[in-house]
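Here's the structure, in structure tokens; my notes come after.
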Number of protein chains: 2
Amino acid sequence: MSRQDRNLRPSDLPSTRRSLPIALIRAREAVMTPIRDMLAGTGLTEQQWRVLRVLDEFGPLDSSELAGRAGLMASSLTRIVQTMTGAGLLKRHTPKADRRRQVIAVTDAGRAVLQDNKATAALIAASYRTRLGAADYEQLLDLLERLSDPE
Amino acid sequence: MSRQDRNLRPSDLPSTRRSLPIALIRAREAVMTPIRDMLAGTGLTEQQWRVLRVLDEFGPLDSSELAGRAGLMASSLTRIVQTMTGAGLLKRHTPKADRRRQVIAVTDAGRAVLQDNKATAALIAASYRTRLGAADYEQLLDLLERLSDPE
DNA sequence: GTGATTTCCTTGACATGTTAATAGTTGCTT
DNA sequence: AAGCAACTATTAACATGTCAAGGAAATCAC
């Protein structure tokens, strides 16, 4: 029984000093700040950058899959795609087979923005890894996934 | 050298399938959903709940400390406090010693909302712990803190 | 003291998060 | 084929996130 368990009745809440929700918020802040700094000159938000990243990796996707893979709500994605299509970074079309869907793809202009920032983004990603060490970094990812996936 | 390191050139980005930012977003979603469900009947947001939690734990705090401890931006906190003061859950006053500050405190009505939901919140918090096991849960918190604190 | 600087909070503008409602399609059932 | 259910994307309304700018008060420098 760890130190934290002692004197913990079932109805006790953990201190906000060591609370999982707040720890997740702070970590997201720490991880995102360098990415936002990188994107400051481009006019992109971190969410728009993730959309480019995902489409670059998987190719054209319909809205729901894109939203899922980029960690965005469907309603947010709708607006983001509208903005980025207007800016010439994305294009979309409705497949004849199922006209409910919107298939979204990157334009050449979008690929150019990706290319311009990939190297910096890779350095930022590597810095997280260095910060924790490779083993702890992988374990952090594992733990976060176990939190998200009920199985 | 781990499997992930092989064939990784310095300029390569990790796959969005296993990306720290997206993993953090998904984990936050998983952790917050039960809390939002709990609060559905109260009209509170998860952020407003955190404000109550922090003030309950530390007593009256000025805006910047409250924002920091609750994981909120100062500008968001300003609006949240306005809303919650209007709803009678918080009260604030300006200390004579430093009239720049706003000291914020919970009202009896705020404490009542806290009391009504504490037991459920404690069960939710315990469920995260159970899901990962106590040891992994503590390590997850440690890793998240190491990500946030440069030291 | 006075002016410059810093601290603390607030506001505004815009993007996203969250939820609920809705229109348009498709699939299923009969 | 007609009706109903399920699916997909969008919109609206409101709260928060993010950044930049601003006002009021305290602090510093001289």
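Throughout, protein chains are lettered first and strands after them, A, B, ... in sequence-line order, and every chain is numbered starting at 1.
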The helix from C:dG1-D:dC30 to C:dT30-D:dA1: angle between its terminal axes, five pairs each, to 10°?
-> 20°
Please name all residues satisfying salt bridge (Lys or Arg N to Asp or Glu O under 4.0 Å) with A:R26, sequence neighbours left out, ordered by chain then number.
-> none
Can you sort out which residues in residues 20-30 of chain A have a heavy atom within less than 4.0 Å of DNA chain C? Ascending by number, please.
-> none
Hey, are the side chains of B:L114 and B:W49 touching, using non-hydrogen atoms and a 4.5 Å cut-off?
-> yes
Go through the structure and list residues passing salt bridge (Lys or Arg N to Asp or Glu O under 4.0 Å) with B:D116, not counting sequence neighbours.
-> none
Only counting residues at least two apart or in another chain, list the ones meeting salt bridge (Lys or Arg N to Asp or Glu O under 4.0 Å) with A:E57.
-> none
Near DNA chain C, under 4.0 Å by heavy atom, which residues of residues 75-92 of chain A?
-> A:S75, A:S76, A:R79, A:I80
Contacts of A:R17 that satisfy salt bridge (Lys or Arg N to Asp or Glu O under 4.0 Å) - sequence neighbours left out = none
Identify, with sequence neighbours excluded, every residue that meets side-chain contact (heavy atoms from CB on, under 4.5 Å) alongside B:A27.
-> A:L24, A:L144, A:L147, A:S148
Expected list for residues 82-96 of chain A: side-chain donor-acceptor pairs under 3.5 angstrom, two or more places apart:
residue	atom	partner	partner atom	Å
A:T83	OG1	A:R79	O	3.1
A:T85	OG1	A:V81	O	2.6
A:T94	OG1	A:Q102	NE2	3.2

Could you write out each protein N or O paired with an N or O of nucleotides 22-29 of chain D at a distance under 3.5 Å?
residue	atom	partner	partner atom	Å
D:dA26	OP1	B:R99	N	3.1

Of all nucleotides in DNA chain C with an atom under 4.0 Å from a non-hydrogen atom of chain A, which is the first and which the last going 5' to 3'?
-> C:dA15 to C:dT26
Answer whether the closest heavy-atom distance between the side chains of B:R50 and B:R69 falls below 4.5 Å.
-> no
For the pair A:T33 (side chain) and A:A30 (backbone), establish whether a donor and an acceptor sit closer than 3.5 Å, ignoring hydrogens and angles.
-> no
Residues in residues 31-49 of chain B with a heavy atom under 4.0 Å of DNA chain D, by number, are B:T45, B:Q47, B:Q48
